[in-house]
Trainee: 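Take this structure, written in structure tokens, and hold onto it; I'll ask about it next.
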Amino acid sequence: MPELPEVETTRRGISPRIKHKTIENVTIRHRQLRWPIPANLKAKCKGQIIKDVSRRGKYLLIKLDTGTIIMHLGMSGSLRVIDCNIPPEKHDHIDIVLNTDKCLRLRDPRRFGAVLFTTGDPLEHKLLKHLGPEPLEKDFNATYLFNKSRKRNLAVKLFIMDSKVVVGVGNIYASESLFKAGIHPKKAAGKITKEQYASLARAIKSVLKAAIKSGGTTLRDFTSSDGSPGYFSQSLKVYGRKGEPCSKCGKTITHSVIGQRATYYCTHCQK
DNA sequence: CAAAGGTCCTGCTCGC
DNA sequence: TGCGAGCAGGACCTTT
């Protein structure tokens with residue numbers, strides 16, 4: 001479910017509703033996510049004021065007085081701010097209870113997500129320290145991609161999905177961006193020209209921006225923090241469109257598996 | 001039974 | 001022979 005636009009949509013949804021609020025309690029129903037929820041999380045959070053809600057890649061950073069909650073939504077996670085008296089459902093693993101009769105509730109059926117805590121600089125945390133640039137920042141550009149990709153022989157789709165290269169480009173938007181840039185997803189990253197990378201960097205930025213603007217992509221059950229769906233799925237040009245006509249040339253959209261992930265592209269438009 | 005939006009970790013191969 | 005970099009595959013889990 002969540003790629004960068006979905007995480008950003010979530011951040012924007014929850015931030016105004018939890019910022020400056022005090023955490024009264026933390027209810028953990030299922031500790032075992034990708035990693036166990038830290039045993040001391042409740043003690044670390046109780047009584048703390050939420051100072052800020054930011055994002056690095058797909059990690060959400062909830063800054064408290066003395067430390068930061070690091071959250072990742074994994075493959076199926078979602079966050080909502082709801083009334084505490086709404087009974088939790090099967091996959092509602094943790095409630096961060098606020099002093100407003102509301103709580104921040106994490107639902108994650110597949111439990112690939114994470115809830116961690118750090119007292120240090122979260123950007124120096126093991127999981128965040130080696131992340132590549134943010135795709136919407138200026139340091140993510142043709143020169144960066146070109147230099148970073150020299151002597152890399154893997155498929156360009158896998159290259160741009162590598163969080164050490166750039167954060168936030170997941171399986172859907174990788175296919176969409178490569179289509180927009182006219183680059184074949186299996187082409188070796190190291191054989192792509194600087195001009196093509198200029199086009200790809202622009203495509204990634206514009207696809208992600210457009211997706212954020214429309215509230216993310218809804219596939220299956222993604223809803224933003226207020227329960228409304230994202231509408232970007234209507235704008236997807238190739239993802240999930242195997243067998244349909246290409247919107248540029250009319251030839252049939254191809255599906256194949258790259259690095260164990262579904263990939264969609266047009267063999268006529270993408271070389 | 002296969003596949004679904006993520007990504008860390010392990011272990012192998014290759015080249016210096 | 002040793003070491004680091006790059007890369008493929010496995011692992012985690014539930015639902016449709």
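The structure presented is a predicted model; accordingly, all values stated were derived computationally and were not measured. A note on names: the letters A, B, ... follow the listed sequences, proteins ahead of strands, and every chain is numbered from 1. Every heavy atom of this structure was used, including side-chain atoms; hydrogens, water molecules and symmetry mates were not.
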Trainee: Are OP1 or OP2 of C/dT15 and a side-chain N or O of A/K90 less than 4.0 angstrom apart?
Mentor: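 For C/dT15, OP1 or OP2 has a side-chain N or O of A/K90 closer than 4.0 Å.
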Trainee: Looking at A/H72, does any N or O in its side chain come under 4.0 Å of the phosphate oxygens OP1/OP2 on B/dG6?
Mentor: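 Result: no.
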Trainee: What nucleic acid atoms does A/F159 come within less than 4.0 Å of, heavy atoms only: base, sugar-phosphate, or nothing?
Mentor: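 Since no nucleic acid heavy atom lies under 4.0 Å of A/F159, the category is nothing.
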Trainee: Pairing check on C/dC13: which nucleotide meets the Watson-Crick or G-U wobble criteria with it, both distances under 3.5 Å?
Mentor: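 C/dC13 is paired with nothing.
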Trainee: Under 4.0 Å between a side-chain N/O of A/S163 and OP1 or OP2 of B/dG6, yes or no?
Mentor: no
Trainee: In whole angstrom, give the distance that lies between atom CZ of A/R111 and atom C1' of B/dA4.
Mentor: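 One finds 17 Å between C1' of B/dA4 and CZ of A/R111, rounded.
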Trainee: Should A/F112 be counted as stacked on C/dC12, where stacking needs a ring-centre gap under 5.5 Å and an angle between planes under 30 degrees?
Mentor: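 Check passed, A/F112 stacks on base of C/dC12.
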Trainee: If the cut-off is 4.0 Å, is A/K126 near the phosphate of B/dC9, judged by side-chain N/O to OP1 or OP2?
Mentor: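 Yes.
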Trainee: Could you walk me through whether A/R152 and A/F159 satisfy the side chain to side chain contact (heavy atoms under 4.5 Å, CB included) test, starting with their C-alpha distance in whole Å, then the side-chain angles of each, then the deciding distance to 0.1 Å, before giving a yes or no?
Mentor: CA-CA 8 Å; A/R152 298 295 302 268; A/F159 178 69; 4.1 Å; yes
Trainee: At under 4.0 Å between heavy atoms, what does A/D108 touch on the DNA or RNA strands: base, sugar-phosphate, or nothing?
Mentor: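 Touches nothing.
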Trainee: When you check the phosphate oxygens OP1 and OP2 of C/dC13, does a side-chain N or O of A/H30 lie under 4.0 Å from one of them?
Mentor: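 For C/dC13, neither OP1 nor OP2 has a side-chain N or O of A/H30 closer than 4.0 Å.
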Trainee: Provide, to the nearest angstrom, the distance between the CG atom belonging to A/D162 and the P atom belonging to B/dG6.
Mentor: 13 Å
Trainee: As a test of understanding, state which of A/K157, A/E176, A/E3 forms a side chain to side chain donor-acceptor pair (under 3.5 Å) with A/N171.
Mentor: A/K157
Trainee: Tell me whether the side-chain N/O atoms of A/Y173 come closer than 4.0 Å to OP1 or OP2 in B/dG6.
Mentor: no
Trainee: Would you say the side-chain atoms of A/T66 and A/Q48 include a donor-acceptor pair closer than 3.5 Å?
Mentor: yes
Trainee: Taking the side chain of A/H91 as its heavy atoms from C-beta onward, which of C/dC13, C/dT15, C/dC7 lies nearest to it?
Mentor: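 Side chain of A/H91 sits closest to C/dT15.
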Trainee: Does C/dC7 have OP1 or OP2 under 4.0 Å away from a side-chain N or O of A/R152?
Mentor: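 Looking at the OP1 and OP2 atoms of C/dC7, one of them is under 4.0 Å from a side-chain N or O of A/R152.
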Trainee: Establish, with yes or no, whether the OP1 or OP2 oxygen of B/dT7 is under 4.0 angstrom from a side-chain nitrogen or oxygen of A/K58.
Mentor: yes
Trainee: A/K164 NZ to B/dG6 C1': how many Å, rounded?
Mentor: 13 Å
Trainee: By nearest heavy atom, map A/G168 and A/R110 onto DNA chain B; which one lands nearer the 5' end?
Mentor: A/R110
Trainee: If you measure only the distance, is there a donor-acceptor pair under 3.5 Å linking the side chains of A/K251 and A/T267?
Mentor: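 The criterion, which ignores hydrogens and geometry beyond distance, is not satisfied for A/T267 and A/K251.
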Trainee: For A/L33, report the nucleic acid contact type (base, sugar-phosphate, nothing); a contact means any heavy atom under 4.0 Å.
Mentor: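 No contact at all - A/L33 keeps every heavy atom at 4.0 Å or more from the nucleic acid.
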Trainee: A/K148 NZ to C/dG6 C1': how many Å, rounded?
Mentor: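 Rounded to the whole Å, the gap is 12 Å.
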Trainee: For A/R34, which contact category applies under a 4.0 Å heavy-atom criterion: base, sugar-phosphate, or nothing?
Mentor: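 It contacts base atoms.
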Trainee: Keeping the roles fixed (side chain from A/R105, backbone from A/D95), state whether a donor-acceptor pair exists under 3.5 Å.
Mentor: no
Trainee: If I take atom OH from residue A/Y197 and atom CD1 from residue A/I183, how far apart are they, to the nearest 0.5 angstrom?
Mentor: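 That separation rounds to 7.5 Å.
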Trainee: Please give, in whole Å, the distance from C/dC13 P to A/R31 CZ?
Mentor: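 Nearest whole value for this atom pair: 16 Å.
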Trainee: In whole Å, what is the span from the CD1 atom of A/I258 to the P atom of B/dA4?
Mentor: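 Distance, rounded to whole Å: 13 Å.
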Trainee: Contact class for A/Q260 (heavy atom, under 4.0 Å): base, sugar-phosphate, or nothing?
Mentor: base
Trainee: What is the distance, rounded to the nearest whole Å, between atom CZ of A/R56 and atom C1' of B/dG6?
Mentor: 16 Å
Trainee: Measure CG/A/L127 against P/B/dT7 and give the value in whole Å, please.
Mentor: 10 Å
